[in-house]
Amino acid sequence: MAAQGAWHPGQNCGCPGVRAKLPILRWLPHYSLSWLQLDLMAGLTVGLTVVPQALAYAEVAGLPLQYGLYSSFMGCFVYCFLGTAKDVTLGPTAIMSLLVSSYAFHEPVYAILLTLLSGCIQLAMGLLHLGFLLDFISCPVIKGFTSAASITISFNQVKNILGLQGIPRQFFLQVYETLRRIGETRAGDAVLGLACLAALAGLQAMKSHLPRAASAEPLAARLSYLIVWTSATARNALVVLFAGLVAYSFQVMGSQPLTLTGSIPQGLPPFQLPHFSMAAPNGTIPFWSMVEDMGIGLAVVPLMGLLETVAIAKAFASQNDYRIDPNQELLAMGFANILGSFVSSYPITGSFGRTAVNAQSGVCTPAGGLITGTLVLLSLAYLTSLFYYIPKAALAAVIISAVVPMFDTAIFRRLWRVKRLDLVPLCVTFLLCFWEVQYGIVAGVLISGILLLYSIARPPIKVSEGDVLLVQPGSSLHFPAIECLRDTVCSHALAAPSPPCSIILDCCHISSIDYTVVVGLAELLQELRKHGLPLAFCSLQEPVLQVLLSADLEGFQHFRSREEAERCRGAQVRGSRAAPFASTSETSLLLPEGLIQ
């Protein structure tokens with residue numbers, strides 16, 4: 001819940017030009033001690049969440065665990081200066097880790113170079129205001145991808161829950177090998193992993209059903225609420241800490257039934273330029289070969305990162321009553337990934353789970369991210385030796401509990417009820433993502449695009465038959481649709497047993513047309529005139545009318561309204577000779593003075 005008096009990104013101060021590029025200038029001059037207390041609390045709470053998650057997500061990405069921590073602090077610092085949402089936290093996520101696993105081939109050099117290139121693409125999109133490209137990834141595609149990712153990531157961690165080694169990463173082989181070797185399960189890992197899952201689920205349920213303590217209640221009640229809420233919020237850290245103590249106790253007693261994380265290099269990553277080549281057993285892989293290897297990942301990774309961040313930012317901005325600047329969010333993401341690549345980070349994005357924790361902790365400004373980033377740096381500098389005793393089963397439980405809610409079972413029922421055709425991109429994306437992530441996303445986007453183009457090429461056309469044939473397109477006309485319109489008119493006007501005496505094209509829903517449509521309308525007018533059928537236009541919007549007048553179509557007639565067109569056409573049917581609405585005096589009612597010739 002947003003704190004009282006919290007900064008809203010829409011508040012203004014200072015020079016508008018600088019303020020637009022450095023949102024920190026909007027809130028820093030107004031910063032107060034009360035904000036500091038809440039930001040400190042939120043930053044510490046998110047920090048306790050991000051450290052165990054970072055270790056776990058590095059496992060999903062197929063990288064050494066320290067790279068999860070390397071990826072968890074730079075985004076916090078950069079977003080504090082450039083971000084426009086007070087709640088958002090940047091860092092490694094399950095979705096991005098899965099994509100990195102697919103496109104970085106479990107090689108840190110590839111992952112870091114992918115971070116730099118993704119950041120450059122995101123920065124360029126922000127500078128060129130290309131955020132609208134994200135709108136072409138439809139909701140069914142996103143839901144299909146995230147639901148498949150939830151299953152893929154969860155099952156990828158089953159091997160750690162069961163203590164199995166040497167399980168392949170390809171999903172179908174993974175399922176086969178896990179089931180085949182289930183008899184090799186290590187009892188210690190299985191018991192601990194299931195216990196951690198149960199504890200995480202219990203703490204999550206406790207938090208969701210915890211009644212908020214009112215300020216009028218006794219101090220003991222408020223303290224109890226704070227302790228329970230903090231414990232439930234920091235449940236990942238508590239479970240990992242407890243599992244580590246259990247593993248350490250076994251180590252002291254001289255037996256170890258658990259599979260441990262192992263040694264993690266201590267210290268901060270060096271600040272250096274990413275490598276643009278990689279040493280391999282048979283030589284050196286040059287930069288362009290690495291780019292070719294990453295292939296479509298150079299489009300998928302930055303776009304999915306931006307989509308996840310902007311969607312989260314918009315959701316929490318709406319919830320907490322402030323606005324964000326999507327193009328500024330692109331700049332923040334771009335700079336965060338570019339600078340992150342200098343500290344060995346793999347690609348990062350906004351985290352829904354940690355952003356929710358941040359908002360619920362009462363964060364007031366993006367300064368909470370400074371506290372989170374500092375806590376990660378302290379962990380790298382002083383605590384990595386303790387991470388040796390963290391059981392892999394505990395980290396697997398953290399991942400599974402984080403990604404299971406991503407599977408949206410209700411979306412299939414909603415689409416079946418609302419629009420069944422949208423189930424096609426959803427199901428194609430969902431199924432193909434089990435084979436290869438990129439195939440699922442690309443196929444889903446292509447199918448969504450085909451459905452979109454089909455709706456443009458075949459707009460709904462309402463036809464009312466009679467002495468006067470009334471044709472009403474239901475949307476704007478673009479070049480793929482003109483043949484459909486011509487076929488509809490001709491089939492009803494020329495092929496009907498009793499042809500109409502005239503035709504009216506009601507253009508009230510048409511807000512734009514292009515040159516191909518104009519050419520098609522000219523051909524339609526000519527074809528109907530050969531058969532003695534006049535075609536009149538009515539309810540033309542001004543931009544469309546200007547285009548048609550500029551085209552100087554032979555026989556072009558237009559009326560202000562459908563009623564007027566029907567009245568004039570009906571009079572002509574009865575033998576009257578009503579003048580079409582094309583005289584200079586009548587046209588002046590519709591056109592600006594300068595357009596009248």
Side-chain angles (χ1 to χ4, degrees), residues 455-591 595-597:
S455 67
I456 294 173
R458 296 293 181 268
I461 300 175
K462 182 179 177 181
V463 179
S464 299
E465 296 181 333
D467 288 339
V468 176
L469 180 68
L470 179 66
V471 181
Q472 185 185 68
S475 63
S476 291
L477 293 177
H478 301 286
F479 63 89
I482 185 60
E483 287 302 321
C484 176
L485 178 64
R486 288 179 59 183
D487 291 344
T488 300
V489 172
C490 292
S491 64
H492 285 83
L494 304 181
S498 55
C501 298
S502 64
I503 304 163
I504 297 175
L505 186 63
D506 187 348
C507 303
C508 62
H509 299 302
I510 301 176
S511 59
S512 65
I513 59 175
D514 55 43
Y515 179 73
T516 306
V517 172
V518 173
V519 172
L521 291 175
E523 293 173 352
L524 179 62
L525 281 166
Q526 184 178 1
E527 184 175 359
L528 292 174
R529 194 164 51 251
K530 288 178 182 178
H531 293 82
L533 291 175
L535 171 64
F537 297 76
C538 71
S539 305
L540 287 164
Q541 298 184 31
E542 186 173 335
V544 178
L545 177 60
Q546 291 179 9
V547 171
L548 292 175
L549 288 174
S550 300
D552 195 21
L553 301 180
E554 184 180 352
F556 175 61
Q557 302 175 359
H558 61 97
F559 300 85
R560 275 183 300 230
S561 66
R562 187 170 73 184
E563 291 75 14
E564 183 177 345
E566 290 176 336
R567 189 166 58 249
C568 292
R569 294 294 97 193
Q572 285 187 357
V573 170
R574 292 189 299 271
S576 301
R577 301 185 59 84
F581 186 76
S583 67
T584 302
S585 60
E586 290 175 316
T587 304
S588 65
L589 297 175
L590 285 180
L591 296 179
L595 293 175
I596 301 173
Q597 301 298 325

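Since the model is a prediction, treat every value here as computed from it, not as a measurement. Counting from 1, the numbers follow the sequence of the chain as shown.
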Side chain to side chain, Leu535 and Val489, heavy atoms closer than 4.5 Å:
no
Side chains of His558 and Leu548, heavy atoms from C-beta outward: is any pair under 4.5 Å?
no
Answer yes or no: is there an ion pair linking Glu483 with Arg486, defined by an N-O contact shorter than 4.0 Å?
yes
Could you report the tightest heavy-atom contact between Cys484 and Arg458, atom names first, then the distance?
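The answer is SG-CD, 3.6 Å.
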What distance do [X] atom [atom1] and [Y] atom [atom2] have between them, rounded to the nearest 0.5 Å?
X: Ser539; Y: Gln541; atom1: OG; atom2: CD; value: 9.0 Å
X: Phe537; Y: Ile510; atom1: CZ; atom2: CD1; value: 8.5 Å
X: Gln557; Y: Ser502; atom1: CD; atom2: OG; value: 9.5 Å
X: Leu549; Y: Glu542; atom1: CG; atom2: CD; value: 10.5 Å
X: Ile461; Y: His509; atom1: CD1; atom2: NE2; value: 12.0 Å
X: Ile482; Y: Ile513; atom1: CD1; atom2: CD1; value: 8.5 Å

Working note: Leu505 + Leu485, criterion side chain to side chain contact (heavy atoms under 4.5 Å, CB included); need CA distance, chi angles, decisive distance, verdict.
CA-CA 10 Å; Leu505 186 63; Leu485 178 64; 4.2 Å; yes
Could you give the side-chain donor-acceptor pairs of residues 472-481 under 3.5 Å, partners two or more places apart or in another chain?
unit_1	atom_1	unit_2	atom_2	d
Gln472	NE2	Asp506	OD2	2.9
Ser476	OG	Ser511	N	3.1
Ser476	OG	Ser511	OG	2.8
Ser476	OG	Ser512	N	3.4

Candidate pair His492 and Ile503, rule side chain to side chain contact (heavy atoms under 4.5 Å, CB included), full reasoning
CA-CA 10 Å; His492 285 83; Ile503 304 163; over 6 Å; no
With Glu563, which residues qualify under side chain to side chain donor-acceptor pair (under 3.5 Å), at least two apart?
none
Do Leu494 and Glu527 pass the side chain to side chain contact (heavy atoms under 4.5 Å, CB included) test, and can you show the C-alpha distance, the side-chain angles, and the key distance before you say yes or no?
CA-CA 10 Å; Leu494 304 181; Glu527 184 175 359; 4.0 Å; yes
Show me the pairs that pass salt bridge (Lys or Arg N to Asp or Glu O under 4.0 Å) and involve residues 513-522, at least two apart or across chains.
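Listed by first then second residue: nothing to list.
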For Leu469 and Leu533, what are the C-alpha separation, side-chain angles and deciding distance, and is it a side chain to side chain contact (heavy atoms under 4.5 Å, CB included)?
CA-CA 10 Å; Leu469 180 68; Leu533 291 175; over 6 Å; no
